[in-house]
Trainee: 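Mind looking over this structure? Questions follow.
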Amino acid sequence: MSVRVRIAPSPTGNLHIGTARTAVFNWLFARHQGGKFILRIEDTDLERSQPEFTQNILDGLTWLGLTWDEGPFFQSDRMDLYAQNIQALLDKGLAYRAYDTPEELEAMREAQKARHEAPRYDNRHRNLTPEQQAAFEAEGRKAVIRFKIDDDREISWIDLVRGTVTWKGRDLGGDIVISRAADTHGIGQPLYNFVVVVDDIEMQISHVIRGEDHIGNTPKQILLYEALGATVPEFGHTPLILNQAGQKLSKRDGVTSISDFKQMGYTPEGITNYMTLLGWSPPEPMTEIFTLAEAAQQFGFDRVNKAGAKFDWDKLNWLNGQYLHSMPVEHITDTLIPYWRDANYPFDETRDRNWLEQIAALVAPSLSRLDEAVPMTRYLFMPLTFTEEAKAHLQQDGSATALKAILAATDPDTQLTEDAIQTVIKQVVKEQNLKKGLVMKSLRASLTGALQGPDLVQSWLLLNQKGMDRDRFEQAIAISAS
RNA sequence: GGUGCCGUAGGCAAAUUGGUAAAGCCGUCGAUCUUUCAAGUCGAUGCUUGCGGGUUCAACUCCCGUCGGCACUGCCA
């Protein structure tokens with residue numbers, strides 16, 4: 001049997017990191033098995049589904065490199081199929097119409113709670129007589145359709161990551177609603193648990209790989225597979241991604257959508273690598289830094305951990321940095337340009353290309369996120385703002401002397417080279433009898449407005465190419481005097 | 001409350017069928033390089049495997065109990 005897996009996000013929000021991680025495991029498994037990875041958009045909740053979220057999900061998956069082989073399929077296009085299957089269940093007597101009002105259900109649960117019982121539907125409308133049904137309809141009540149669940153059934157499956165999992169029918173909460181309320185004899189909007197099964201059957205999904213939060217849905221769905229006369233697929237429930245407090249990561253935890261990560265300057269390679277590590281571990285000779293394709297060669301559920309994993313920014317940052325450090329200059333320059341542009345730094349992409357590449361080469365080795373390049377390179381693009389420490393340094397004895405000497409020792413009409421800079425520094429140190437540290441710090445303070453930052457000689461070179469160095473020395477000398 | 005799942009250092013985690021002194025990575029700390037920060041390099045720190053029993057020559061790995069965490073418990077997905 002060929003392997004067919006799917007990722008089925010619902011467009012009620014941007015692509016979430018948890019969904020993306022599930023997509024990674026599905027993708028990895030499909031590639032490892034030579035199977036198909038299918039994308040299905042679960043938009044049965046008409047109220048909450050939005051087209052822009054669908055777009056965000058598609059864009060996110062594409063950006064991450066999680067390409068799909070079939071789809072996207074939309075559940076909203078398949079309503080007839082669901083209605084047919086619900087009718088079939090109705091015809092077979094496996095499902096029925098229930099006329100309870102939301103208020104009645106609420107009251108029932110309250111009563112159960114008061115009696116310290118587990119809230120569940122008591123199947124009160126399972127065996128209504130035609131007369132009773134007619135009476136409810138005469139009242140103008142609408143009916144949901146419920147699927148019968150046998151209290152005495154025991155359902156179990158061999159989970160790909162957890163082994164045998166068993167549930168009792170009585171713990172499933174009574175007959176489940178598979179379609180929303182609709183007028184007499186009509187079939188309302190089909191609900192998640194039912195739709196998933198119909199689609200997975202129809203799309204011949206062989207392995208359902210999803211988050212652990214779906215474990216409780218699985219027994220209900222297995223019963224539905226049986227009722228629809230279909231083969232039950234394999235199930236694998238992956239551990240959840242947890243927040244600092246150890247709870248399921250949710251939008252309330254701040255940055256959780258892939259588009260946010262992208263904007264913050266994480267690379268798709270870094271994110272997918274990290275998400276894979278959250279639950280899966282590579283076999284021995286392999287290091288923790290790997291591409292999706294490399295992971296796919298080794299991927300298997302035997303190496304997927306069962307416990308939830310806390311999301312660790314430190315490790316993500318480190319991993320992302322590894323990718324940034326090894327990125328070719330042209331590539332990282334291309335990637336950095338949008339960040340500089342968004343910061344409104346003035347430059348001409350074409351004419352300044354070489355200069356921009358030098359900047360990229362200068363800062364890339366110390367980045368862990370792309371957006372860090374913005375504050376880090378600000379002094380190369382914008383007028384200076386001085387930190388208090390920098391000002392204080394410039395006001396020290398010898399600082400102005402050093403800068404004046406440097407001004408005198410350099411020719412405004414000749415572009416500097418690295419060697420020339422080294423020579424000038426040595427010369428000034430010797431002639432003015434100053435400490436090298438003081439000269440260097442004065443240079444840094446005057447050129448960058450700060451006492452720490454990227455390599456100073458390279459920075460000066462870059463500023464010199466733009467003719468931005470001498471004015472800064474003058475400005476600094478003025479500060480020295482004040 | 002009920003049901004289910006899970007529990008190896010601060011975080012991610014490894015450990016062939018129970019068998020050496022419980023890998024590795026991140027973090028932290030220190031050293032080094034540098035005018036500086038970051039990065040890099042080198043080194044160090046930390047778990048008696050939630051806890052208590054049991055089986056065994058031997059248990060992170062098996063059994064029993066216990067505690068804790070999380071997830072689910074919808075006419076959401």
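Bear in mind the structure is a predicted one, so any value in this text is a computation, not a measurement. Letters go in sequence order (proteins before strands), and every chain restarts at 1.
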Trainee: Looking only at heavy atoms, what is the nearest atom pair of A/P454 and A/R444, with distance?
Mentor: O-NH2, 3.0 Å
Trainee: With nearest nucleotides of RNA chain B determined for A/V165 and A/T44 from heavy-atom distances, which residue corresponds to the more 5′ nucleotide?
Mentor: A/V165
Trainee: Any salt bridge (Lys or Arg N to Asp or Glu O under 4.0 Å) involving residues 232-253 of chain A? Give me the pairs, sequence neighbours left out, ordered by first then second residue.
Mentor: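 Sorted pair list: A/D213-A/K248.
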Trainee: If the C1' atom of B/rC42 is compared with that of B/rU48, how far apart are they to the nearest Å?
Mentor: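 So the two C1' atoms sit 30 Å from each other.
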Trainee: List the residues meeting side chain to side chain contact (heavy atoms under 4.5 Å, CB included) with A/S10, not counting sequence neighbours, and say none if there are none.
Mentor: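 Result, side chain to side chain contact (heavy atoms under 4.5 Å, CB included) vs A/S10: A/T12, A/E42.
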Trainee: Could you give the distance separating B/rC51 and B/rU61 at their P atoms, to the nearest angstrom?
Mentor: 11 Å
Trainee: Polar pairs (N or O, both sides) under 3.5 Å between protein and nucleotides 38-42 of chain B?
Mentor:
unit_1: B/rA38; atom_1: O2'; unit_2: A/S366; atom_2: O; d: 3.2
unit_1: B/rA39; atom_1: O2'; unit_2: A/P365; atom_2: O; d: 2.7
unit_1: B/rG40; atom_1: OP1; unit_2: A/Q322; atom_2: NE2; d: 3.3

Trainee: Sorted by first residue and then second, give each salt bridge (Lys or Arg N to Asp or Glu O under 4.0 Å) pair with at least one member in residues 140-150 of chain A; sequence neighbours left out.
Mentor: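 Applying salt bridge (Lys or Arg N to Asp or Glu O under 4.0 Å) to every pair that reaches into residues 140-150 of chain A, excluding sequence neighbours, yields A/E104-A/R141, A/E139-A/R141, A/K142-A/D183.
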Trainee: Cut-off 3.5 Å, no hydrogens considered: what does the side-chain donor-acceptor table look like for residues 273-280 of chain A, sequence neighbours left out?
Mentor:
unit_1: A/N273; atom_1: OD1; unit_2: A/F290; atom_2: N; d: 3.0
unit_1: A/N273; atom_1: OD1; unit_2: A/Y323; atom_2: OH; d: 2.6
unit_1: A/N273; atom_1: ND2; unit_2: A/E288; atom_2: O; d: 3.0
unit_1: A/Y274; atom_1: OH; unit_2: A/D312; atom_2: N; d: 2.7
unit_1: A/Y274; atom_1: OH; unit_2: A/D312; atom_2: O; d: 3.4
unit_1: A/T276; atom_1: OG1; unit_2: A/T272; atom_2: O; d: 2.6

Trainee: Please list all pairs meeting salt bridge (Lys or Arg N to Asp or Glu O under 4.0 Å) that have one or both residues in residues 389-406 of chain A, counting only residues at least two apart or in different chains.
Mentor: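 Qualifying pairs, neighbours excluded: A/E388-A/K391.
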Trainee: Side chains of A/N217 and A/Y192: any donor to acceptor distance under 3.5 Å?
Mentor: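 The answer is no; no qualifying pair exists.
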Trainee: Report the distance from atom CH2 of A/W167 to atom P of B/rC5, rounded to the nearest whole Å.
Mentor: 8 Å
Trainee: Specify the residue among A/D100 and A/H116 whose closest nucleotide of RNA chain B lies further upstream toward the 5′ end.
Mentor: A/H116
Trainee: Is the side chain of A/D45 donor-acceptor paired with the backbone N or O of A/S49 at a distance under 3.5 Å, no angle test?
Mentor: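 Looks like no, no N/O pair under 3.5 Å.
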Trainee: Only counting residues at least two apart or in another chain, list the ones meeting side chain to side chain donor-acceptor pair (under 3.5 Å) with A/W340.
Mentor: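 For A/W340, the residues satisfying side chain to side chain donor-acceptor pair (under 3.5 Å) (neighbours in sequence not counted) are A/T377.
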Trainee: Please list, in numerical order, the residues of residues 187-200 of chain A that have a heavy atom closer than 4.0 Å to any atom of RNA chain B.
Mentor: A/L191, A/Y192
Trainee: Quantified in whole Å, what is the P atom distance between nucleotide B/rU41 and nucleotide B/rC57?
Mentor: 49 Å
Trainee: Nearest to the A/A118 side chain among B/rG4, B/rG2, B/rC5, which nucleotide is it?
Mentor: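 Taking heavy atoms from C-beta onward, the closest nucleotide is B/rG2.
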Trainee: Check side chain to side chain donor-acceptor pair (under 3.5 Å) between A/S281 and all other residues, then give those that pass, not counting sequence neighbours.
Mentor: none
Trainee: Restricting to nitrogen or oxygen on both sides, can you table the protein-nucleotides 10-14 of chain B pairs closer than 3.5 Å?
Mentor:
unit_1: B/rC12; atom_1: OP1; unit_2: A/K310; atom_2: N; d: 3.0
unit_1: B/rC12; atom_1: O2'; unit_2: A/L277; atom_2: O; d: 3.1
unit_1: B/rA13; atom_1: OP1; unit_2: A/G279; atom_2: N; d: 2.9
unit_1: B/rA14; atom_1: OP1; unit_2: A/S281; atom_2: OG; d: 3.2
unit_1: B/rA14; atom_1: OP2; unit_2: A/N305; atom_2: OD1; d: 3.4

Trainee: What interatomic distance, in whole Å, is found between P of B/rA44 and the corresponding atom of B/rA23?
Mentor: 13 Å
Trainee: Where the side chain of A/Q247 is defined as all heavy atoms beyond and including C-beta, which of B/rC70, B/rU35, B/rA77 is the nearest nucleotide?
Mentor: B/rC70
Trainee: Give every residue pair that meets the salt bridge (Lys or Arg N to Asp or Glu O under 4.0 Å) criterion with at least one member in residues 157-178 of chain A, sequence neighbours excluded.
Mentor: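 Sorted pair list: A/R126-A/D175, A/D152-A/R170, A/R162-A/E212.
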Trainee: For RNA chain B, find the residues of residues 143-157 of chain A with a heavy-atom distance under 4.0 Å and give them by number; none if there aren't any.
Mentor: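 Residues of residues 143-157 of chain A that come under 4.0 Å of RNA chain B are, in numerical order, A/V144, A/R146.
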Trainee: Do we see a donor-acceptor contact under 3.5 Å between the side chains of A/N320 and A/S368?
Mentor: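 A/N320 vs A/S368: no donor-acceptor pair found between side chains.
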Trainee: Measure centre to centre between the rings of A/W318 and A/Y266, then say whether the value is under 6.0 Å.
Mentor: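 Distance test on ring centres: not under 6.0 Å, no.
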